[in-house]
Number of protein chains: 2
Amino acid sequence: MPRVRISDVAAAAGVSNSTVSLVMNDRDARIPVETQERVRAAAAATGYTPNSVARGLRMQTTRTIGLVSDTIATTPYAGRMLAGAQDVARQHGHLVILVDTGDDPEVERDAIRALADHQIDALIYACMWHRVVDAPAHLPARTVFLDCRPVDGGHPAVVPDDRAGGATAVRELVAAGHRRIAFVDVDEPNPPIASALRFAGYLEVLREAGIEPDPELHVHGATTTAAGGRSATELLLDLPEASRPTALFCFNDRMAAGAYVAARHRGLEIPRDLSIVGFDDQQLVAAELDPPLTTVALPHYEMGRWATEVALGVRTPDDPGAVHLMECPIIRRGSVSPPPAAGGDPDRRRT
Amino acid sequence: MPRVRISDVAAAAGVSNSTVSLVMNDRDARIPVETQERVRAAAAATGYTPNSVARGLRMQTTRTIGLVSDTIATTPYAGRMLAGAQDVARQHGHLVILVDTGDDPEVERDAIRALADHQIDALIYACMWHRVVDAPAHLPARTVFLDCRPVDGGHPAVVPDDRAGGATAVRELVAAGHRRIAFVDVDEPNPPIASALRFAGYLEVLREAGIEPDPELHVHGATTTAAGGRSATELLLDLPEASRPTALFCFNDRMAAGAYVAARHRGLEIPRDLSIVGFDDQQLVAAELDPPLTTVALPHYEMGRWATEVALGVRTPDDPGAVHLMECPIIRRGSVSPPPAAGGDPDRRRT
DNA sequence: CGTGGTTGCTAAAACGATTGAGCGGACTCA
DNA sequence: TGAGTCCGCTCAATCGTTTTAGCAACCACG
């Protein structure tokens, strides 16, 4: 059964194509209501909906946005960015064409070209984790960077405020009464940009609280995995009793999971003997840990929304040209309590 | 800078639009190489690529496929299905338009309509987890179901072979020497279809091994989470020593994670005191458990590929009309060993 | 009664590609 | 020499919309 075209509706209503188009798009107020109703009835009866391809050709806008990402869709990390983008797109009658490049520059180039050929109205260039990237060539004018920023600027971009997030995490620990707080960091050759930022937030709060940073408490795992977190935490627990930390701020939730393992092997109970806060709020790891992990959430959904709103032109960045920093809220679960010896505020237990 | 059109190339090469099109699409062998080269040079010089929208209108094919899903893209579960679909689509020069309906039937209806309006060449209807669904109305002829099957048939569908997967899991345990094997199941009001299937596989292997199924060893958690797995496992560990299981087959990896917690609280070491196999192979949980979890993988990537290949017509189902069952391979990590008392085959330790 | 304005609609030209039909010339062959 | 074939290309129609310009009829006004 072939699609019904505008001419079918026109025939059914006894008018011309033009009239049908005019009515369906509310374009010419001069058409009498009676005719309008006749046309609408015919459209409903035939089940007509305009062919978006033909319309796209004529109007030079396809109500379609492209989203190219390194591996966002195929890894469990950042799917919520997609959800945010989708929701906004749908609200504005747009469809999203998704291309996962698997970080292959050639695939990326082809994808951008193909998307341009398909006349997308805007492009979102997304990364799985906060990065600084070389903007690929031939980007459409309407391009927004999501969870990454182009090294040379030139396009709107949104990334998480990792520094402030790091500060939030450590502030939570300080508020619980901790003074010896370690930062469980990564030691990769190219550490994620978030590493330095979260560490900056850590230092900032220590200073704020009048705590002298102890270099011994800044440890590194080889990878951002549970294994990395575990080995780094073991370094900490090997320290003489007096200089051992009472709380850990872990670079991410996976490393925090490793810290749990290390602590458990020493017979330490969380949070009674050791408080831990993570970062990322990865449901599958943070919420399922025992006890559930207090962590700082990456605002993936909100970033996805923001990027899409500016891509569609329904939002203008406060400061176009600047990178938009999205706040990272803390998610309180059960891994923070006052330090063993110190008093702290009992109300903060298990918040 | 406006897009370069075919007429620009024609002008540059001193030929007509037709000739350019003919050359670019290798359609008319009669055009002399010399002219062909002139045209190609002009196309390269101007950076011409055909406008897909115009081509789509004329050719009635957009080289685009739609993928509607309940929540696949926004949850960490099944992103690999997307990867499989993407890879096949790209290999065949197609783009994928993704719509996540959030399980809202109205959104779903609108999405299918919008995709049809955009003249997608095929539609993939995907679910986050293995389900039997009522096929929505007005599906395009070229529709394939992914990780779900329409209750009334009528379209190709691919789902994991959960029964065989369950059998594989239990066979692994039997091979290690276990005889008292529990199934840690879910007890939700609408249990996932996979639950009954995996249980069927479990029973099948017990029968095969001449083991009498013990109803006491079929326990249920309230949810498919770690919490559910933990409470169900506690039931098992409360059993008198003699009737306690030496191995657990858990409905999924999250419940297996809960089983780890329950076991640890009793001072049981995995796999020495208790062997566990999970299901799903969720990287974030299975691989990061201590010890890493032996589990049966859901072949998400392969299913995504299969669905897309039949959607694009580059593969024909062996038995069109039948649901294609995709094999679930076992991923051996460290959570299976011979039972404490029994001997078993030492070679299978820590495989 | 001529002029100008409104009303209700339509014809036709885009948008940018693809493609079947066809044209003028050269060549072949009887 | 005339008919037929091939070569190398172009013309124009087509896909299904949107939209501008404008036609015909009618009315009002001076």
Using a heavy-atom cut-off of 4.0 Å across all strands, would you classify B:Arg27 as base, sugar-phosphate, or nothing?
sugar-phosphate
Distance check needed: D:dT19 C1' versus A:Asp26 CG, whole Å only.
15 Å
Any side-chain to backbone donor/acceptor pair from B:Arg80 onto B:Gly304? Under 3.5 Å, distance only.
no
Base D:dT14 to side chain B:Arg58, donor-acceptor N/O within 3.5 Å cut-off:
yes
Would you say B:Leu98 and A:Gln86 make side-chain contact, with heavy atoms under 4.5 Å?
yes
For the residue pair B:His324 and B:Trp306, categorise the inter-ring angle as parallel (less than 30°), tilted (30 to 60°) or perpendicular (more than 60°).
parallel
Hey, does A:Asp28 reach any base, or is it just sugar-phosphate, or nothing, if we go heavy atoms under 4.0 Å?
base
Please tell me which of the listed nucleotides, C:dT18, D:dT17, C:dC9, lies nearest to the side chain of B:Ser21?
C:dT18
Rounded to whole angstroms, how far apart are CD1 on B:Ile31 and C1' on C:dT18?
13 Å
Is there a donor on the side chain of A:Arg30 or the base of C:dG5 sitting less than 3.5 Å from an acceptor on the other?
no
When rounded to whole Å, the CD1 to P distance for the pair A:Ile6 and D:dC15 reads 15 Å
Within less than 4.0 Å of OP1 or OP2 of C:dA17, is there a side-chain N or O belonging to B:Tyr48?
yes
Using heavy-atom distances to pick each residue's nearest nucleotide on DNA chain D, tell me which of B:Leu22 and B:Ala54 is more 5'.
B:Leu22
Do NZ/NE/NH1/NH2 and the carboxylate oxygens of A:Arg131 and A:Asp70 come within less than 4.0 Å?
yes
Relative to the 5' end of DNA chain C, which residue comes earlier, A:Leu57 or A:Gly14, by the nucleotide with the nearest heavy atom?
A:Gly14
Rounded to the Å, how far apart are B:Met59 CE and C:dG16 C1'?
13 Å
Would you say C:dT18 has OP1 or OP2 under 4.0 Å from some side-chain N or O of B:Asn25?
yes
If only side-chain N and O atoms count, and only distance matters, is there a donor-acceptor pair under 3.5 Å linking A:Ser21 with A:Ser18?
no
Heavy atoms under 4.0 Å, any strand shown: does B:Thr35 hit a base, just sugar-phosphate, or nothing?
sugar-phosphate
Hey, are the side chains of A:Val68 and A:Ile124 touching, using non-hydrogen atoms and a 4.5 Å cut-off?
no
Protein-nucleotide distance (A:Arg63, atom CZ; D:dT17, atom P), rounded to Å
16 Å
Pick the nucleotide of DNA chain D nearest each of A:Arg5 and A:Ser18; which residue has the one closer to the 5' end?
A:Arg5
From CD of B:Gln36 across to C1' of D:dC9 the rounded distance in Å is 13 Å
Using a cut-off of strictly less than 4.0 Å, decide whether A:Gln60 has a side-chain nitrogen or oxygen near OP1 or OP2 of C:dG16.
yes
Just checking B:Val15: base, sugar-phosphate only, or nothing, at a heavy-atom cut-off of under 4.0 Å?
sugar-phosphate
Tell me: CG of A:Asn17 to C1' of C:dA13, nearest whole Å?
14 Å
Ignoring the backbone of A:Thr19, work out which of D:dT17, C:dG8, C:dT10 is nearest its side chain.
C:dT10
